[in-house]
Amino acid sequence: MSFDRSIKIAPSILSADFANFGKEIEAIEAQGCDWVHVDVMDGHFVPNLTFGPPLCAAIRKHITTVMDVHLMISPVDPYIEAFAEAGADVITAHLEAGPHVHRTLQAIRGTGAKAGLAINPGTGIEDVEYLLDMVDLICVMTVNPGFGGQKFIHSQVDKVKKLRAMIGDRPVHIEIDGGITPETAPLMSAAGADVLVAGSAVFKGGSVDNPAPYGENIRAIRAAAEGARKAA
Ligand code: DX5
Ligand code: ZN
C-alpha cells in the first residue's frame with residue numbers, strides 16, 4: 001500500500017446485503033471503488049453489533065484493493081492480532097476506546113498493518129498531536145459511530161482543515177466517515193480529506209444483480225470531491 005493524497009472512495013459494507021458480502025465486494029470493486037471499509041461494532045463502545053475476525057477473514061479473499069477495518073470496540077488490544085491475521089491492511093482504533101491509545105497504535109503497527117486512529121465528533125485534534133508520528137491514517141467521524149445512514153455533522157469540516165495543517169508533510173491519510181454524499185464530500189476534500197467512506201450513498205439504488213448504480217454513485221462522489229480539491 002503506497003501513500004498518496006489522491007481521492008479514494010471506500011464503500012462501507014455496513015450498507016451491503018449481509019447475505020451476499022462476497023458478491024457485493026466484487027461488485028463495488030468492479031464499479032471502481034478504491035478501498036473496502038469494514039465497520040466492526042461490539043454493542044458496548046457503540047450501540048450496535050456487526051462483524052468479528054472470522055467474517056473479515058472470509059471476505060478477505062474477495063478484496064483485491066485495500067481492506068480498511070474500523071474497530072468500534074472497547075477494549076481493542078486483545079483483538080488486534082486476530083484482525084491482522086484476518087488480513088486487514090489498515091486497522092483503525094478509536095481514541096476514545098481506552099486510556100492507552102499510544103500502546104494500541106504500537107500494537108497495530110507491530111502486526112505489520114497500517115495504523116489508523118479514529119476520533120468522534122466531540123473529540124478535539126489536540127489529543128492526536130503526540131500520536132501523529134505513530135499513525136498512517138486519522139479517521140474523522142462525521143457522525144456519531146454506530147449506524148449507517150446518519151446526517152453529516154458540519155462542524156467537522158473545520159476540524160479536518162485544522163488537522164490537515166497539523167499533519168503537514170507527514171504521510172498520514174485523513175479519512176472521513178459518516179453521511180458522505182456528493183453534497184458533503186466536496187466540503188471535506190477541499191478541507192484536506194483524501195479517503196471518503198460512504199455506505200448508504202454508494203449502495204443506494206443498486207444490488208448484486210444490478211450493480212451499475214454503485215458505479216454511478218461512486219463516480220458522483222469522486223467527481224464532486226475532485227472538483228472541490230482542484231478549486232481549493
Ligand atoms: C458509522 C460507520 C460508518 C457508516 C457510514 O458508525 O463507521 O462507516 O457505515 O455509513 P453512511 O455513509 O451511510 O453514513
Ligand atoms: Zn466506519
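Atoms within a ligand are numbered from 1 in the order they appear, just like the ligands themselves.
- Taking every non-hydrogen atom of Asp177 and a distance limit under 4.0 Å, the qualifying atoms of ligand 1 come out as 2 (C), 3 (C), 4 (C), 5 (C), 7 (O), 8 (O).
- In this structure the side chain of Arg219 reaches within 4.5 angstrom of the side chain of Glu216, judged on heavy atoms.
- With no hydrogens or angles considered, no side-chain donor-acceptor pair links Gln156 and Thr142 at under 3.5 Å.
- Counting atoms of ligand 1 from 1 in the listed order, those under 4.0 Å from a heavy atom of Met72 are 6 (O), 7 (O).
- With the Zn ion (ligand 2) as the vertex, ND1 (His70) and NE2 (His37) define an angle of 100°, rounded to 10°.
- Short contacts between ligand 1 and Met41, defined as distances under 4.0 Å to a heavy atom of the residue, involve ligand atoms 6 (O).
- Of the polar atoms of Gly178, none of the N or O atoms is found under 3.5 Å from an N or O of ligand 1, judged by distance alone.
- Of all atoms in ligand 1, listed by their number and element, those nearer than 4.0 Å to a heavy atom of His70 are 7 (O).
- Side-chain contact between Lys151 and Val143: absent, with no pair of heavy atoms (C-beta onward) separated by less than 4.5 Å.
- Side-chain contact between Leu163 and Val140 is present, with at least one heavy-atom pair separated by less than 4.5 Å.
- Not one N or O of Ser15 is nearer than 3.5 Å to an N or O of ligand 1, by distance alone.
- At under 3.5 Å, not a single nitrogen or oxygen of Val143, backbone or side chain, sits near a nitrogen or oxygen of ligand 1.
- Short contacts between ligand 1 and Leu14, defined as distances under 4.0 Å to a heavy atom of the residue, involve ligand atoms 9 (O).
- A 4.5 Å side-chain heavy-atom check between Lys114 and Leu137 finds every atom pair outside the cut-off.
- Atom 1 (C) of ligand 1 has as its closest protein heavy atom Phe147 O, 3.6 Å.
- For atom 6 (O) of ligand 1, the nearest non-hydrogen atom from the set Gly146, Ser12, Ala118, Ala10 belongs to Gly146.
- For the pair Ala201 and ligand 1, no heavy-atom separation below 4.0 Å is found.
- Two rings, from Phe51 and Phe18, have their centers less than 6.0 Å apart.
- Put simply, CD1 on Ile9 and CG on Leu196 are 4.5 Å apart, with the number rounded to the nearest 0.5 Å.
- Gly199 N, 2.8 Å is the protein heavy atom nearest to atom 12 (O) of ligand 1.
- Protein heavy atom closest to atom 10 (O) of ligand 1, with residue, atom name and distance, is Gly148 CA, 3.6 Å.
- Atom CZ of Phe152 has more than 12 neighbouring heavy atoms from other residues, nucleotides or ligands inside a 6.0 Å radius.
- Listed by number with element, the atoms of ligand 1 under 4.0 Å from a non-hydrogen atom of His37 are 8 (O).
- Angle OD2 (Asp177) to the Zn ion (ligand 2) to OD1 (Asp39): 170°, rounded to 10°.
- Proximity to Pro145 (heavy-atom distance under 4.0 Å) selects the following atoms of ligand 1: 6 (O).
- A salt bridge links Arg60 with Asp89; the closest basic N to acidic carboxylate O contact falls under 4.0 Å.
- Taking every non-hydrogen atom of Ala198 and a distance limit under 4.0 Å, the qualifying atoms of ligand 1 come out as 12 (O).
- Ion pair Arg222/Asp34 flagged as a salt bridge, since at least one NZ, NE, NH1 or NH2 atom sits closer than 4.0 Å to an Asp/Glu carboxylate oxygen.
- With respect to the salt-bridge test (charged N to carboxylate O, under 4.0 angstrom), the residues Arg103 and Asp77 do not qualify.
- Nearest protein neighbour of atom 14 (O) of ligand 1, counting heavy atoms only, is Gly179 N, 2.8 Å.
- Residue, atom and distance of the protein heavy atom nearest to atom 13 (O) of ligand 1 are Ser200 OG, 2.5 Å.
- Between His62 and Phe21, the distance from one ring center to the other does not fall under 6.0 angstrom.
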